[in-house]
Amino acid sequence: MDASAAFPCFDQPDLKGRFTLSIVHDNRDAVVANGKGVFEDGIGFVTTDTFAKTVPISTYLFAFAVGPFRPVHHTDGLPDVYVRRSQLSRAQAEIPAVQQVTADGIKFLSGYFAQRFPFPKYDMVLIPGFPFGGMEHAGATFLNEDSILFRAAPTEEDRFGRDTLLLHELAHQWFGDLTTMRWFDDLWLKEGFAQYMAYRTLAALKPAQNVWTHFYQQIKPAAYAIDVTPGTTPIYQNIANLQDAKSAYGAIVYSKAPALLKQLAHLIGDEHFRNGLRLYLHEHLYGNAQWSDLVAAFERASRENLKPWAEAWIKRRAVPEVRTQWECNPQGKLMSLSLTQKNALPEGGPWPIATQVLLGYENAPPVRLRVKLAGEKTPVPEAAGKPCPAFVFANDSDYAYGLFLPDDKSRDYIRRHLNSVSDVFERTLLWGALWDSVRAFELAPTDYLETAARELPNEANETLVRSVGGRSAVALHDYLNEESLKKWAPSLEVLAATQMMRAPEKGLRILWFRMLLSLATTPAALEPIRQLLKGEVHIPDVELRSLDRWRMVGTLLAQNAEGADGIYEAECKRDPTGIGLKYAYVAAAAKPTAAKKKWYFDDYLQNAARQEDWVQDSLGNFNEWNASVLTAPYLKQALDALPRIKQQRKIFFTLAWLSAFIGGQHSLEADRVVHDWLATANIDADLRLKVLQVLDELDRTAKIRAQFR
Ligand SMILES: [Zn+2]
């Protein structure tokens, strides 16, 4: 959305144009653009590249890259991936998988949309320090180099994440580039679909990968976390100008929108869903459309009236909390089952929800019932007479969007029997319900930790280990008071250190290594980290990479480990590369001294030459959980700087800044500082909403700490 800074144009997506481009450049460099190169003319050190005229595209999709790029593994029939020369050897091993999933994706999506790839060619260019994961310029997607060439030893889940990134940008070639939203108020049309189609494509290409389990873990929590707060927005937002469009990028568009598309596919059926998409695309080839066009296309495909559904979900903000009530008779039969829904915010009534209820049994296969919720209370008469279940879960297979909180009896059963749930998707959903219960003040964080410590050693699913492990760290560091923290930390440290060496799969050992870095506080847990750095110990079959090493240094600095400064100096000498300089900057932000924090904070706000990705990547270390006393003095200043940050920084930076500074605090006092600041701050409505979105977690933290002493 900065095209008008490069050439004169009305920079709005419904004014499409055909672009011709010729570029004069150093002949050691290569150029990648939207179109195919048609003519090359070299004189001396200078080359002129001329590109074919494009099909009609929006200004935000025009792009070119010039630099020391080379295609890796150029193969006829596969898309090209350009990498800068210095990274060619690192790229050799990784790029074939990138090309293959993209080529397979093109084949799948062409068939799914019944529309061939809309541009004359497709290239990908890996850009160092690119501020987003990727950007879907027509025919020439740019990707963040580090998102493709892993700088830390990758897990299977990291590779899965890379596949979804590649397929997200690829799906945009149809959804966004071929058929484009009329204006940025429908940003979700392109982002929601690209996200949903990435998973849908992967589910077809790699059916063994539990794709919808990943979808639940990686997409939904971000949406729910915002949608329970008074700072949330509807999916559809009125956007007055291009500057405001930047604010629309966030979890509501990237996570809630795809979650609702999954719900819609469940509601009207996969075939009608696909046919609706085909209608929509075919009617707007190389043109523009808005959400009402899409709803109309789905209505024609399904012959259902979807307007009430669309109005409720697209135009209204927030999320329903859904609960179950059930009763059994002494003969062991269900007498009644009903679902109630309530808006998580004190506003507005019920939503139309299509869900699947699971009745779980200890020694029998589950019973699944499809239920449509309309009002506040929905009885499920077909449940009556079924055997009395051990537990009930009201969002089986994760079709619906909402917080599905288990009743007391179900929650208690789930907590004690997670290990007997063999289906990994179901187990993941139940783990999620437990965490939702913690955040809804219905389950003590220590109960969650106790369950995690018991179950995790036997858990073989990477996604679950990562998410439950990460949430345990939040419970430990944020939700417990000092005393409970001291009691719980050592056993989790030991678990991480043991599993790092002994877990059966390589990916799990990498995850437990990362977990150890986030959990280690005692000398006993910091020692193995020191040994790994020195090469005295090795994680079986895992080759740690430069970023892993720097993260270890960061942990040792953050925990003020003995000799940490010397280790930092040694690592700086060991890794003098350009990226090493960045990692050194990021690591040292963790150092828990007042002088260091002051130096960094001044650097963030006063050093205009500091690269934005350096700052953004170091914010978490600066605000390390155990440094809250040192960082609290900067909280108000960080808030005061918001208007300037919004104006000067890239789209995802403002939220990252807020999340780091507010997220680094856990006390009621800090919570009050932010509330007081909000009461008098002179900021625009959008920034106010963003602060409210982030502040909710601190409100919850303070409340959980007070309630579960
Ligand atoms: Zn996108």
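Read the numbers this way: they start at 1 and go in the same order the structure lists the ligands and their atoms.
- The atom of E191 nearest to the Zn ion (ligand 1) is OE1, with the search restricted to N, O or S atoms.
- Panel note: side chain H73, backbone D80; no donor-acceptor pair is recorded below 3.5 Å.
- N34 places a side-chain N or O within donor-acceptor distance of the main-chain N or O of A138, the cut-off being under 3.5 Å.
- Nearest to the Zn ion (ligand 1), among the N, O or S atoms that H172 has, is NE2.
- In summary, no N, O or S atom of E136 is located under 2.8 Å from the Zn ion (ligand 1).
- Checked options W174, F117, Y82; the residue passing with Y122 is F117 (criterion: ring-ring contact (aromatic ring centres under 6.0 Å, His included)).
- Between the side chains of Y60 and Q12, no donor N or O sits under 3.5 Å from an acceptor N or O.
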